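One structure is given here, and the rest of the page talks about it.
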Protein chains: 2
Amino acid sequence: MTSVIVKEVERIVATDARRKMIESAVTLLAMRGLQGTAFSDVLERSGAPRGSIYHHFPGGKDQLVDAAITASGQRTVQILDAVEGASSIAITTYFLDLWRDVLVRSKFRAGCAVLAVTVATDSTELLDHAAAIFRAWQARLAELYVSAGVDPTTASSYAITLIAASEGAVALSRAQRDMAPFEEVAAHLLATTP
Amino acid sequence: MTSVIVKEVERIVATDARRKMIESAVTLLAMRGLQGTAFSDVLERSGAPRGSIYHHFPGGKDQLVDAAITASGQRTVQILDAVEGASSIAITTYFLDLWRDVLVRSKFRAGCAVLAVTVATDSTELLDHAAAIFRAWQARLAELYVSAGVDPTTASSYAITLIAASEGAVALSRAQRDMAPFEEVAAHLLATTP
DNA sequence: GTCTATACGAAGATAGAC
DNA sequence: GTCTATCTTCGTATAGAC
């Protein structure tokens, strides 16, 4: 009879395999795009067993991609908790730092997984979820700016512009493999912070 | 003996087939991304004969994609000639209109072909060409703003921010299949026009 | 320049044993 | 939950006739 402890270990390992697959998918989507991300790559990178794909993701690739962008989107929202109560400038700086890190640490090979999916899918379901992620970012950023004393309308307007411009700036710097475009946009965004 | 006229007609038809393939590739890249754009789709959409792909593009898919983003990028630069001598606000409005048209006319199914390639390729050659296109847009826009009386440094800084924010805004509105995100970013960009 | 046919590989997905 | 094997489809690319 299998002990409770063994079962718990098995659950953790299983959860871990699923989690690793999702994390690998996030990275690959950010580097190679939607159709450029194959199951075989996800498995190789995550070390997960081939047989477990359709166990964890019976909905196939779309389900894995969905889980990946959701995880990536939620993590970004959570990371923003660190600037709760900070100044307006500090919030903008922090958000730009997140993207700067992605570019620098990947040596310009990675961008935003959610954007990559958005520009390469027809699935209304994936688009809906991508849109929800962007709205969640905007809502969280706006909330932070309001806490910093910005009026709600300005906060919301600036938040979405910050998101759009950051996404674009990351892509421009990826193309050029140089931080210059990103930094130029970042400077402009900081200078116009509410 | 084949007449000069027949030869000229043949040249035009050939050129036209090549041109149609490039145009189809631009549209498909903007809608489905890099790997989502297959030769079979390009042929179907352009009506070009299957046997002529490797005749016109011996370098294969990369060469076709390269020609497509170059054509798309150059057309954008040329279209900007229409606002030569216009006011700063008119220039910004015009550039935003270009992207608004892409979204509306495609019913949110299309975005920017150059961006789609940028986020989905490892090819340094394609990345270099994408970067060159973005720089050409920036240079042309900055030039126009300077003509409108803006100082060169501000013009350059605003131009690249406008490009980055527009690219991001198009993606956000595509995800949501609604002009709202784009219009919110557009309003902010217009309000901060130099 | 264009056609058909086909090679070749990769990718998503499924089946059934363990 | 995981493994191996396999099916099917599709994509790029090439060969050779016309």
Side-chain angles (χ1 to χ4, degrees), chain A residues 2-22 24-25 28-29 31-68 117 120-123 125-126, chain B residues 2-3 5-22 24-25 28-29 31-68 116-117 120-123 125-126:
Chain A
T2 316
S3 78
V4 214
I5 293 178
V6 168
K7 282 194 174 171
E8 179 59 14
V9 167
E10 280 167 354
R11 195 190 64 78
I12 290 172
V13 170
T15 301
D16 205 54
R18 186 189 153 91
R19 192 185 53 75
K20 278 184 181 170
M21 276 189 271
I22 292 175
S24 301
L28 288 166
L29 287 170
M31 293 197 315
R32 306 187 207 169
L34 180 59
Q35 296 93 338
T37 298
F39 275 148
S40 52
D41 300 323
V42 172
L43 292 172
E44 190 182 349
R45 176 172 273 264
S46 63
R50 178 149 208 90
S52 55
I53 290 185
Y54 285 89
H55 172 71
H56 291 297
F57 304 98
K61 186 169 178 176
D62 274 7
Q63 191 182 349
L64 171 61
V65 169
D66 207 333
V117 172
T121 188
D122 304 321
S123 158
E125 202 173 331
L126 282 178
Chain B
T2 315
S3 77
I5 293 177
V6 169
K7 282 195 174 171
E8 178 60 13
V9 168
E10 281 168 352
R11 194 191 63 79
I12 290 172
V13 170
T15 300
D16 204 54
R18 185 190 155 90
R19 193 185 53 74
K20 279 184 181 171
M21 277 189 271
I22 292 175
S24 301
L28 287 165
L29 287 170
M31 292 198 316
R32 306 187 206 168
L34 180 58
Q35 297 94 339
T37 299
F39 274 148
S40 52
D41 299 323
V42 172
L43 292 172
E44 189 183 349
R45 176 172 271 265
S46 64
R50 177 147 209 94
S52 55
I53 290 185
Y54 286 88
H55 171 71
H56 292 296
F57 305 99
K61 187 168 179 177
D62 274 8
Q63 191 182 348
L64 171 60
V65 169
D66 207 333
V117 172
T121 188
D122 304 320
S123 159
E125 202 174 333
L126 283 177

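So you know, we letter chains A, B, ... as the sequences are listed, proteins then strands, and number each from 1. Computed from heavy atoms alone, side chains included, the values below leave out hydrogens, waters and symmetry copies. This structure is a prediction, so every number in the text was calculated from the model and none was measured.
The phosphate of D/dG1 (OP1 or OP2) has a side-chain N or O of A/H55 nearer than 4.0 angstrom. Between A/S40 and C/dA11, a side-chain N or O to OP1/OP2 separation shorter than 4.0 Å is present. OP1 or OP2 of C/dG1 has not a single side-chain nitrogen or oxygen of B/H56 nearer than 4.0 Å.
The shortest heavy-atom contact between A/A68 and A/A25 is CB-CB, 3.8 Å. Nearest approach of A/Q35 to B/G36, heavy atoms of both residues: NE2-CA, 3.5 Å.
Distance CZ (B/F57) to P (D/dT14): 16 Å, rounded to an integer number of Å. Separating the CG atom of B/L28 from the C1' atom of D/dG11 is a distance of 14 Å, rounded to the nearest angstrom. When rounded to the nearest whole Å, the span between OH of B/Y54 and P of C/dT6 equals 19 Å. When the P atom of C/dG12 is taken as reference, atom CD1 of A/I53 falls 8 Å away, rounded to whole Å. Following rounding to the nearest Å, B/L43 (CG) and C/dG1 (P) show an atom-to-atom distance of 16 Å. Whole-Å rounding puts the B/F39 CZ to D/dA13 P distance at 5 Å. When the C1' atom of C/dT6 is taken as reference, atom CZ of B/R50 falls 11 Å away, rounded to whole Å. The nearest whole Å value for the distance from the CG atom in B/D16 to the C1' atom in C/dG1 is 15 Å.
A donor-acceptor pair is defined here as one N or O able to donate and one able to accept, closer than 3.5 Å; no such pair exists between the side chain of B/S46 and the backbone of B/K20.
Taking the nucleotide of DNA chain C with the nearest heavy atom to each of A/K61 and B/S52, the more 5' of the two is matched to B/S52.
The CG atom of B/D66 sits 10.5 Å away from the CZ atom of B/F57 when rounded to the nearest 0.5 Å.
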